[in-house]
**Q** 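Okay, handing you the structure first.
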Protein chains: 2
Amino acid sequence: MELTPAAKKFILHWGEMGQAWGINRTMAQVHALLFVAPDSLDAEEISRLLDVSRSNVSTSLRELMTWGIVKRVHVIGDRRDRFEALKDVMETFRVIMAERKRREMDPTIALLEHCVEEAEGGDSRDDYTREQLEKMLDFTRMLTTWYSQIDRLPTPALRRIFTAGAKIARMFGAQAPQEANVN
Amino acid sequence: MELTPAAKKFILHWGEMGQAWGINRTMAQVHALLFVAPDSLDAEEISRLLDVSRSNVSTSLRELMTWGIVKRVHVIGDRRDRFEALKDVMETFRVIMAERKRREMDPTIALLEHCVEEAEGGDSRDDYTREQLEKMLDFTRMLTTWYSQIDRLPTPALRRIFTAGAKIARMFGAQAPQEANVN
DNA sequence: TATACTTTTCAGTAGTGACGGAAATTTCGG
DNA sequence: CCGAAATTTCCGTCACTACTGAAAAGTATA
């Protein structure tokens with residue numbers, strides 16, 4: 001099996017994107033490859049197709065499995081581990097969001113809470129800083145709360161929300177104090 | 001002027017976060033500093049407070065200005081340029097989103113369109129890959145469309161949407177074909 | 001226009017993280 | 001239980017990016 005030109009381009013682009021989002025290139029490429037691959041692949045073949053070392057593939061696969069967007073699968077008559085990616089884009093997106101929330105948002109909230117508390121005891125020079133940190137904390141909390149609410153829904157419902165941007169905009173855009181409701 | 005402990009912690013954390021999101025540490029730190037600083041700062045002082053070289057600060061400030069989340073300001077009686085960050089968190093968030101959409105989502109859509117088109121001409125081995133790329137394309141388009149709709153709204157409306165996660169979840173979560181309406 | 005002050009650019013350096021290869025470990029078939 | 005196959009781990013190397021210091025360019029004032 002060889003890579004088609006379309007697959008190649010996608011994989012390279014995904015690698016670049018990964019970097020821009022703080023994910024290492026090979027890892028993103030492995031994910032891209034598994035995402036478009038019709039069948040599960042073994043590490044050896046991934047190594048060959050992407051032209052990276054076997055060990056690098058091993059590391060990337062482990063990371064991807066930690067994230068939960070790649071799974072180890074087995075086929076009878078083959079001793080080698082094979083791997084496949086989540087094939088559902090929305091599902092993949094959700095898993096990544098959940099993980100990033102856990103790794104980044106939650107610790108950020110904890111730190112901001114700590115900083116705000118600390119700044120409360122400080123002298124008046126801290127006042128402005130504290131206000132800003134509070135605003136940042138409120139915002140971060142708002143985002144994560146919104147996310148938690150939305151994340152409870154099954155995929156089809158999520159899809160409905162994301163295709164209803166205009167509707168939502170109309171509903172919430174028209175509620176400013178002195179404005180009349182559009183609907 | 002010296003940094004308070006709370007400010008220091010926040011700046012360091014923001015630097016880490018930046019890295020996780022593909023933004024260089026110093027740049028994120030400069031932004032964090034300007035965000036919590038009561039007054040505008042000149043490059044020299046930023047350099048001193050963060051203990052990085054003057055030139056590094058210069059580069060970071062230029063980048064931040066390109067992003068549009070830091071502005072050059074002047075005070076009478078001071079020849080030096082001074083800088084201040086957007087102080088509104090939501091506004092900052094919006095600017096960053098807009099920029100990332102422009103830099104990452106739009107090119108991704110273009111590339112996916114190209115790949116899908118190319119895969120259409122290909123032989124049957126491409127079929128599965130093409131399907132996957134189409135799904136990815138649809139999803140990306142859905143997200144950016146949603147974003148564009150939402151982004152048109154003024155900040156207070158946006159805030160309303162984000163505080164109404166539960167409400168939105170109820171509205172869109174209850175429409176699944178065979179499910180009864182929750183409320 | 002000259003001079004002092006400020007900012008930017010640039011080229012070299014350093015530091016970090018990705019990567020490859022080999023060795024060690026694990027797994028499975030005989 | 002042994003040997004082969006597969007996987008993981010580890011450490012040295014490499015590449016890339018961030019960073020610094022110095023030189024150049026720009027700018028305002030006298």
Side-chain angles (χ1 to χ4, degrees), chain A residues 11-34 39-67 70-84 103-104, chain B residues 11-34 39-67 70-84 103-104:
Chain A
I11 290 167
L12 291 174
H13 181 79
W14 214 238
E16 306 289 327
M17 282 301 93
Q19 287 198 291
W21 288 81
I23 289 157
N24 117 336
R25 199 177 62 240
T26 306
M27 192 176 142
Q29 287 183 351
V30 172
H31 175 253
L33 171 58
L34 291 173
D39 301 301
S40 60
L41 299 172
D42 63 71
E44 189 66 32
E45 191 151 27
I46 296 171
S47 168
R48 185 178 63 79
L49 288 169
L50 298 181
D51 194 24
V52 294
S53 76
R54 181 67 188 70
S55 62
N56 197 2
V57 170
S58 178
T59 311
S60 297
L61 285 170
R62 177 154 39 88
E63 263 294 285
L64 287 166
M65 287 190 290
T66 307
W67 276 83
V70 163
K71 295 225 167 65
R72 205 190 295 265
V73 294
H74 290 108
V75 302
I76 40 173
D78 191 349
R79 274 181 58 183
R80 287 172 297 188
D81 290 349
R82 304 176 67 87
F83 301 88
E84 64 180 27
R103 295 188 192 190
E104 290 149 23
Chain B
I11 289 168
L12 291 174
H13 181 80
W14 214 237
E16 304 290 327
M17 281 301 94
Q19 287 199 288
W21 289 82
I23 289 156
N24 116 335
R25 199 176 65 244
T26 306
M27 190 176 144
Q29 287 183 350
V30 171
H31 175 253
L33 171 59
L34 290 172
D39 301 302
S40 60
L41 299 172
D42 62 71
E44 188 67 33
E45 191 150 27
I46 296 171
S47 167
R48 186 178 63 79
L49 289 169
L50 298 181
D51 195 25
V52 294
S53 76
R54 180 66 186 70
S55 59
N56 199 2
V57 170
S58 178
T59 309
S60 297
L61 285 170
R62 177 152 40 89
E63 261 295 283
L64 287 166
M65 286 190 292
T66 306
W67 276 81
V70 162
K71 293 227 167 65
R72 207 190 293 265
V73 294
H74 290 109
V75 301
I76 39 172
D78 192 348
R79 276 180 54 182
R80 288 171 300 188
D81 290 349
R82 302 176 70 87
F83 301 88
E84 65 180 27
R103 294 188 192 191
E104 290 149 22

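Model, not experiment: these values are computed from the prediction.
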**Q** In whole Å, what is the span from the CG atom of B:Asp78 to the C1' atom of D:dT29?
**A**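 My rounded result for the distance is 14 Å.
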**Q** In this structure, how many angstroms lie between the P atom of D:dT8 and the CG atom of A:Leu64, rounded?
**A**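 Atom CG in A:Leu64 sits about 13 Å away from atom P in D:dT8.
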**Q** Can you tell me the distance, in whole Å, between the CD1 atom of A:Ile23 and the P atom of C:dG17?
**A**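 Taking atom P of C:dG17 as the reference, CD1 of A:Ile23 is at 16 Å.
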**Q** Taking CD from A:Gln19 and P from C:dT16, how many angstroms apart are they, rounded to a whole number?
**A**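 Interatomic distance, CD of A:Gln19 to P of C:dT16: 18 Å.
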**Q** Base, sugar-phosphate, or nothing for B:Asn24, non-hydrogen atoms under 4.0 angstrom?
**A**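 The residue B:Asn24 makes sugar-phosphate contact but no base contact.
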**Q** Could you check how far CD of B:Glu63 sits from P of C:dT7, rounded to whole Å?
**A**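 In whole Å, C:dT7 P lies 19 Å from B:Glu63 CD.
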**Q** If you compare every side-chain N and O of B:Arg80 against the phosphate oxygens of D:dA28 (OP1, OP2), does one of them come in below 4.0 Å?
**A**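 Negative; the distance criterion is not met.
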**Q** Start at the 5' end of DNA chain D and walk down; is the nucleotide closest to A:Ser58 or to B:Thr26 reached first?
**A**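 In this pair, the answer is A:Ser58.
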**Q** Among the candidates C:dC10, D:dA18, C:dG21, find the nucleotide nearest to the side-chain atoms of B:Ser55.
**A**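 The answer is C:dC10.
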**Q** Strictly below 4.0 Å: does A:Asn56 bring a side-chain N or O up to OP1 or OP2 of C:dA18?
**A**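 So the side chain of A:Asn56 is outside the cut-off, no N or O lying under 4.0 Å from OP1 or OP2 of C:dA18.
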**Q** Can you give me the closest heavy-atom contact between B:Ile11 and B:Gln29, atom names plus distance?
**A**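 That would be O-CG, 3.6 Å.
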**Q** At under 4.0 Å between heavy atoms, what does A:Arg72 touch on the DNA or RNA strands: base, sugar-phosphate, or nothing?
**A**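 It contacts sugar-phosphate atoms only.
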**Q** Of the listed nucleotides (C:dT6, D:dT9, D:dA22), which one gets closest to any side-chain atom of B:Arg79?
**A**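 Nearest to the side chain of B:Arg79 among the choices is C:dT6.
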**Q** From CZ of A:Arg82 over to P of D:dA6, roughly how many Å is that when rounded to an integer?
**A**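 Value for this atom pair: 12 Å.
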**Q** Rounded to whole angstroms, how far apart are CG on B:Leu61 and C1' on C:dT9?
**A**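 Rounded to the whole Å, the gap is 15 Å.
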**Q** Should the heavy atoms of other residues, nucleotides or ligands under 6.0 Å from CG of B:Asp78 be counted, would the total exceed 12?
**A**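 More than 12 within 6.0 Å, yes.
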**Q** Do the non-hydrogen side-chain atoms of A:His74 and A:Asp81 ever get within less than 4.5 Å of each other?
**A**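 Side chain of A:His74 against side chain of A:Asp81, heavy atoms only: contact under 4.5 Å found.
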**Q** Give one of base, sugar-phosphate or nothing for B:Asp81, where a contact means two heavy atoms less than 4.0 Å apart.
**A**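 Answer is sugar-phosphate: B:Asp81 comes under 4.0 Å of backbone atoms only.
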**Q** Within this structure, what is the CD-to-C1' distance between B:Glu45 and C:dT7, rounded to whole angstrom?
**A**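 Those two atoms, CD and C1', are 17 Å apart.
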**Q** Is it the case that C:dG21 (base atoms only) and A:Ser53 (side chain only) share a donor and an acceptor within less than 3.5 Å, ignoring hydrogens and angles?
**A**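 A donor-acceptor contact between them is absent.
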**Q** Is a side-chain donor or acceptor of B:Arg80 paired with a backbone partner of B:Asp42 at a separation under 3.5 angstrom?
**A**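 No, the answer is negative, given that no donor and acceptor are paired below the 3.5 Å cut-off.
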**Q** Return the nearest nucleotide to the side chain of A:Arg54; candidates are C:dT7, D:dT20, D:dT8.
**A**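 My answer, after comparing the listed nucleotides, is D:dT8.
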**Q** Judged by atom type as modelled, is there a donor-acceptor pair below 3.5 Å linking the side chain of A:Ser47 to the main-chain atoms of A:Ala43?
**A**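 Side chain of A:Ser47 to backbone of A:Ala43: no pair is present.
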**Q** Taking the nucleotide of DNA chain D with the closest heavy atom to each, which residue, A:Arg25 or A:Phe83, is nearer the 5' end?
**A**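 Nearest nucleotide further toward 5': that of A:Phe83.
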